[in-house]
Asker: 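Take this structure first; my questions come after.
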Amino acid sequence: GIIGLLIFISRLYSGQLADAHDEEDSSAPASSNWQIPRKYINLLILMAMVTEASFYFVDIIFYKQVQIEYASHDKFANYPAGELRSEEHIINVPKTSDVEVASFLGKYLAIMNLLVLLSNFFLVAPLINKLGMRGGLLIMPILTGLVALVFGVSGLMLAPAVFLFRVAVFNSVLDWVLRDTVSRSAVFILYQPLPPSIRSRTQTQIETTAMPIAQGIAGFALAGLGILGFASLQINYILLALLLGVLFLAFSLGKAYGPVLLEVLSRRALKLSEQSLVLNDPSTRTLLLRELHSPYPEAVIYALDTLDAMEY
């Protein structure tokens, strides 16, 4: 059914897709003498892979702590169902851990999705405007890493299991919300300097190849760690290493973004009608304001038009 729907939509809008392809081809000559550095695209791909892998490590720590927290709640786990009944009456059995876990996960997912929705409405734009693209990239690994550090130190100090459980839940919610809101918006800004054809190709490559590979590697790694008997605390150390890698890549991309965007702006290869311009940030605005002092009138006019499109 879904495949049929996709075929129907593709045929229905085939003319618009062809027009979009023609527009991409017509914009190619503007930057034919210069290409986006391959290093920039490789950093985008590597950033997506490491970030995706870190998500599964946060997730497995969360579920391990949920398992530990609710394991002691199942008082009747070792009793066959027949032993809980008698011919005269039925023993009232309290909720088992399976029921409690299902109830908890339902509330957890509902609250988390609500937080994602509210963050997209009220948090993303102010944070991106205040912190910029680089700050948007850094906020998730920094905050998630700090909470993971608290979890690790608390585990070494033999903190109560209920405390570790709460820290793991908080980190899972924090990671998921920031990943799906602020971090995603910051990554969209990183795509802004790419020509339309390269942007589409890079996003497709990341979403259909790089991220599934990262998911597979993370899955095999976590399965191996489970066989080796690694507990949440040991997995948390690997998570911290992954988050350090995300921080390094975020710094590298933030450093590479400025020169690439400046080159694209100087060649006037960025189309003013693109939706990516809505995701403006202080870094982009600073570069455009710098172009206003250019000795070339074309560059100044282009910068003014771009700032106007960004509603600056």
Side-chain angles (χ1 to χ4, degrees), residues 38-63 112-113 115-116 119-120 123-124 127-128 131-152 168-194 199-223 225 232 235-257 260 276 279 281 283:
R38 185 64 200 178
K39 178 183 177 182
Y40 185 78
I41 297 177
N42 290 339
L43 284 172
L44 279 172
I45 295 173
L46 192 57
M47 173 83 170
M49 294 182 69
V50 178
T51 304
E52 185 72 7
S54 70
F55 166 77
Y56 287 94
F57 279 79
V58 172
D59 214 33
I60 197 66
I61 292 171
F62 163 72
Y63 280 108
M112 185 171 57
N113 286 317
L115 290 175
V116 170
S119 298
N120 279 321
L123 184 65
V124 173
L127 276 180
I128 292 294
L131 301 178
M133 176 272 302
R134 185 177 297 183
L137 289 175
L138 294 175
I139 189 170
M140 188 273 290
I142 287 177
L143 294 182
T144 303
L146 288 175
V147 179
L149 187 61
V150 170
F151 182 89
V169 171
F170 177 76
N171 207 23
S172 179
V173 173
L174 181 69
D175 178 81
W176 197 316
V177 171
L178 292 178
R179 184 185 302 272
D180 280 359
T181 56
V182 180
S183 294
R184 177 172 293 182
S185 299
V187 170
F188 285 160
I189 295 175
L190 291 174
Y191 288 118
Q192 184 170 280
L194 302 180
R199 181 184 308 156
S200 300
R201 190 184 315 128
T202 302
Q203 286 182 298
T204 302
Q205 185 179 1
I206 288 175
E207 293 176 4
T208 63
T209 304
M211 293 178 69
I213 289 176
Q215 293 167 5
I217 293 174
F220 279 115
L222 289 169
L225 294 175
S232 301
I235 295 176
N236 188 70
Y237 297 145
I238 302 175
L239 170 62
L240 287 171
L242 288 173
L243 292 174
L244 285 175
V246 174
L247 282 173
F248 173 78
L249 292 170
F251 273 114
S252 301
L253 276 168
K255 186 177 180 181
Y257 171 76
V260 172
S276 61
L279 297 171
D281 71 303
S283 302

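Start at 1 with the first residue, then count along the sequence. Computed from heavy atoms alone, side chains included, the values below leave out hydrogens, waters and symmetry copies.
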Asker: Can you tell me which residue among Leu137, Leu143, Ile142 is in a side chain to side chain contact (heavy atoms under 4.5 Å, CB included) with Ile139?
Answerer: Leu143
Asker: Does any part of the side chain of Tyr56, heavy atoms only, come nearer than 4.5 Å to the side chain of Ile60, both counted from C-beta?
Answerer: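 The answer is no, as the side chains (C-beta and beyond) never meet within the 4.5 Å cut-off.
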Asker: Where do Ile206 and Ala48 come nearest, in terms of heavy atoms and distance?
Answerer: CG2-CB, 3.5 Å
Asker: If I compare all heavy atoms of Asn171 with all of Ala148, which pair ends up nearest, and what's the gap?
Answerer: ND2-N, 3.8 Å
Asker: How many angstroms lie between CG in Leu249 and CD1 in Ile45, if you round to the nearest 0.5 Å?
Answerer: 12.0 Å
Asker: Assess whether atom OH of Tyr237 is packed by more than 12 heavy atoms of other residues, nucleotides or ligands within 6.0 Å.
Answerer: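 Check passes, neighbour count above 12.
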Asker: Calculate, to the nearest 0.5 Å, the distance between atoms CE and OG belonging to Met112 and Ser172 respectively.
Answerer: 6.0 Å
Asker: Can you tell me which residue among Val173, Val177, Leu123 is in a side chain to side chain contact (heavy atoms under 4.5 Å, CB included) with Val116?
Answerer: Val177
Asker: Looking at Gly245 and Val50, what are the two nearest heavy atoms and their distance?
Answerer: C-CG1, 4.5 Å
Asker: To the nearest 0.5 angstrom, please state how far the OG1 atom of Thr144 sits from the CZ atom of Phe170.
Answerer: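 The distance works out to 9.0 Å.
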Asker: Would a 4.5 Å heavy-atom cut-off, applied to side chains only, mark Leu44 and Leu194 as touching?
Answerer: yes
Asker: Restricting to non-hydrogen atoms, name the atom on Tyr40 and the atom on Leu190 that form the minimum distance, rounded to 0.1 Å.
Answerer: OH-O, 2.6 Å
Asker: How long is the span from the CZ atom in Phe57 to the CD1 atom in Ile238, to the nearest 0.5 Å?
Answerer: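 It is 5.0 Å, given to the nearest 0.5 Å.
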Asker: Out of curiosity, Arg199 CZ to Phe188 CZ, how far, rounded to the nearest 0.5 Å?
Answerer: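 If I round to the nearest 0.5 Å, the distance is 11.0 Å.
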Asker: Please step through side chain to side chain contact (heavy atoms under 4.5 Å, CB included) for the pair Phe62 and Asp175, ending with a clear verdict.
Answerer: CA-CA 11 Å; Phe62 163 72; Asp175 178 81; over 6 Å; no
Asker: How close do Glu52 and Met211 get, counting heavy atoms only, and between which atoms?
Answerer: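 Smallest interatomic distance, heavy atoms only, reads OE1-CE, 3.0 Å.
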Asker: Mind checking the CG-CG spacing from Asp59 to Leu239? Nearest 0.5 Å is all I need.
Answerer: 11.0 Å
Asker: Would Met133 and Ile128 count as a side chain to side chain contact (heavy atoms under 4.5 Å, CB included) here? Give the steps.
Answerer: CA-CA 6 Å; Met133 176 272 302; Ile128 292 294; over 6 Å; no
Asker: Locate the shortest heavy-atom distance separating Ser185 from Val124; write the atom from each residue and the value.
Answerer: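 Nearest pair, atom of Ser185 first, then Val124: OG-CG1, 3.1 Å.
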Asker: Considering only heavy atoms from C-beta outward, does the side chain of Met140 approach that of Thr51 to under 4.5 Å?
Answerer: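 SC-SC contact between Met140 and Thr51 confirmed.
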